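First comes the structure, then the notes that go with it.
As the structure is a computational prediction, the values presented were derived from the model and not from experiment. Scope of the values below: all heavy atoms of this structure, side chains included, with no hydrogens, waters or symmetry mates.
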Amino acid sequence: MSDRCCDTTNKIQSTEEGSVTISCSYDSQSVNKLKFFCRGNRPSTCRQQAVITSRNTQDGRFRLSDDRKSRIFTVTISTLTLKDSGSYLCGVQRNSGFDVFSAVELEVKESCLQLYNISGMEGRPVTLQCPNSGQHHDNKTFLCKGDQHNCTDMMENQTKFKLLNVSSSCFSVIISELEAADAGTYYCGSDSQLRFIKIQLAVVSPHQTSSVTPISSAEQVTSQPPTSDNPGLTLFYLLRVVLFLLWILPLVLMMIPKRKIKKEEIQMNVLITADASKNPRINNIGKKSRRQLNIRMTESRATMKLLILNK
């Protein structure tokens with residue numbers, strides 16, 4: 001006897017990343033019996049290799065629930081992957097004889113990459129990915145532009161709009177040599193009543209990519225000091241330092257002789273004042289020294305004015 005089951009198979013379809021619920025019916029005598037669900041098509045090992053049972057109703061992505069009134073237990077598989085495709089068995093344990101099984105064939109379809117807002121460069125191609133219901137072989141794939149209720153079929157122009165990569169779950173359309181007029185709203189799918197998506201296509205000019213991107217209000221701008229990598233900025237700051245030194249140097253030179261002369265004048269006045277009452281000759285010498293000191297101060301001031309004018 002072949003270890004396979006069954007005469008009929010329940011075929012179920014779902015999409016990647018989605019979930020699926022598989023219903024398994026049983027008779028009135030099996031209401032209180034163990035229910036289990038396994039992968040494969042071998043009844044002899046199904047119960048031992050079950051992925052979920054009515055005793056352990058939750059295991060990872062698998063969940064089992066039993067409606068005894070309707071005599072149906074359901075198995076839900078979430079976050080489907082392409083590897084989940086294959087044969088499964090629903091089983092009910094019997095105290096005597098063989099367990100009762102029903103077969104399920106699950107097909108997980110590849111999920112379309114649904115880009116609702118995309119952009120392309122003017123003069124270059126862009127690819128649109130659209131869903132394919134796959135339920136009817138005579139369904140016509142479509143891509144239209146405009147309003148949903150007044151949409152112009154673009155697939156008639158097969159020179160610019162090329163259909164390719166058609167699978168059971170999606171298909172692609174390449175628009176060659178984009179123009180500014182190609183921007184707008186598109187609808188595509190394989191059955192306008194069952195499954196289609198809306199795509200907003202923007203066409204970017206090559207000149208726009210080289211322009212400065214405006215800063216949004218949410219962005220913050222931080223200023224940074226110029227680096228030495230820019231020779232123009234380095235020369236600018238160097239010239240500012242030189243001009244500052246040329247401006248302050250004459251002031252420094254003016255202060256040095258003036259302070260020195262004033263110090264000598266104070267010292268001379270102290271000496272003359274101290275000795276003038278004792279010796280008239282010192283008084284005369286003091287007057288003479290004052291005149292010489294005044295001459296020296298006048299000459300120093302004149303020299304500094306000449307230096308400033310020359311600068």
Side-chain angles (χ1 to χ4, degrees), residues 1-114 116 129-139 167-171 189-197:
M1 181 178 179
S2 176
D3 187 18
R4 297 189 66 82
C5 177
C6 299
D7 294 336
T8 60
T9 302
N10 181 21
K11 294 185 178 181
I12 301 175
Q13 292 181 343
S14 190
T15 56
E16 200 176 6
E17 296 297 329
S19 63
V20 64
T21 299
I22 301 170
S23 299
C24 309
S25 59
Y26 54 88
D27 57 28
S28 58
Q29 298 178 359
S30 304
V31 173
N32 298 319
K33 303 298 182 180
L34 177 70
K35 287 85 178 178
F36 52 91
F37 185 78
C38 67
R39 183 159 192 172
N41 198 26
R42 299 182 62 184
S44 62
T45 59
C46 182
R47 196 187 336 150
Q48 292 77 14
Q49 299 178 356
V51 294
I52 194 76
T53 71
S54 56
R55 293 175 183 167
N56 182 22
T57 58
Q58 183 75 42
D59 188 359
R61 298 183 297 119
F62 294 83
R63 183 172 59 87
L64 186 147
S65 60
D66 187 8
D67 186 352
R68 297 186 177 186
K69 185 177 181 179
S70 301
R71 299 195 300 274
I72 295 174
F73 74 90
T74 59
V75 176
T76 303
I77 310 174
S78 59
T79 319
L80 289 168
T81 66
L82 297 178
K83 294 181 180 180
D84 290 325
S85 297
S87 300
Y88 293 86
L89 289 178
C90 299
V92 179
Q93 185 182 14
R94 289 286 180 87
N95 294 333
S96 60
F98 296 102
D99 295 339
V100 179
F101 296 95
S102 58
V104 176
E105 188 70 26
L106 174 62
E107 180 186 3
V108 180
K109 295 182 179 182
E110 183 180 1
S111 177
C112 265
L113 178 63
Q114 298 182 6
Y116 297 99
Q129 288 188 297
C130 307
N132 189 0
S133 64
Q135 295 184 5
H136 304 286
H137 295 289
D138 56 350
N139 278 349
S167 69
S168 60
S169 58
C170 60
F171 64 92
S190 61
D191 191 325
S192 59
Q193 301 299 322
L194 294 177
R195 192 178 178 201
F196 63 94
I197 62 171

Distance-only polar pair, side chains of S30 and D27, donor-acceptor under 3.5 Å: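 Per modelled atom types, S30 and D27 side chains form a pair under 3.5 Å.
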Nearest heavy-atom pair of [X] and [Y]: which atoms, and what distance?
X   : Y   : result
Y26 : I72 : CE2-N, 3.6 Å
P43 : C5  : CG-CB, 3.7 Å
T53 : A50 : CG2-CB, 3.9 Å

Can you tell me how far [atom2] of [Y] sits from [atom1] of [X], rounded to the nearest 0.5 angstrom?
X   : Y   : atom1 : atom2 : value
F37 : R63 : CZ    : CZ    : 13.5 Å
F73 : C90 : CZ    : SG    : 4.5 Å
S78 : D84 : OG    : CG    : 9.5 Å
R39 : T45 : CZ    : OG1   : 13.5 Å
D59 : L64 : CG    : CG    : 11.0 Å
S54 : Q93 : OG    : CD    : 9.0 Å

Side chains of [X] and [Y]: closer than 4.5 Å at any heavy-atom pair?
X    : Y    : value
L80  : T15  : no
F36  : L89  : no
L82  : E16  : yes
N132 : S167 : no
I22  : I77  : yes

Under-2.5 Å SG separation for cysteines C46, C38: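 Answer is yes, sulfur atoms closer than 2.5 Å.
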Neighbour count above 12 (heavy atom, 6.0 Å) for R42 CZ: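 Atom CZ in R42 is not crowded, with 12 or fewer foreign heavy atoms closer than 6.0 Å.
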Test item: T57 side-chain N/O and S65 main-chain N/O as donor-acceptor pair under 3.5 Å: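 No, because the side chain of T57 does not come within donor-acceptor range (under 3.5 Å) of the backbone of S65.
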Heavy-atom donor-acceptor pair, Q58 side chain to G60 backbone, under 3.5 Å: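 Flag set: sc Q58 to bb G60 pair under 3.5 Å.
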D66: which of R55, K35, R71 passes salt bridge (Lys or Arg N to Asp or Glu O under 4.0 Å):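 Running salt bridge (Lys or Arg N to Asp or Glu O under 4.0 Å) over R55, K35, R71 with D66 returns exactly one hit, K35.
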Sequence neighbours left out, cut at 3.5 Å: what donor-acceptor pairs do the side chains of residues 98-108 make with other protein atoms?
residue : atom : partner : partner atom : Å
D99     : OD1  : R94     : N            : 3.0
D99     : OD2  : R47     : NE           : 3.2
D99     : OD2  : R47     : NH2          : 3.0
E105    : OE1  : S87     : OG           : 2.7
E107    : OE1  : Q13     : NE2          : 3.1

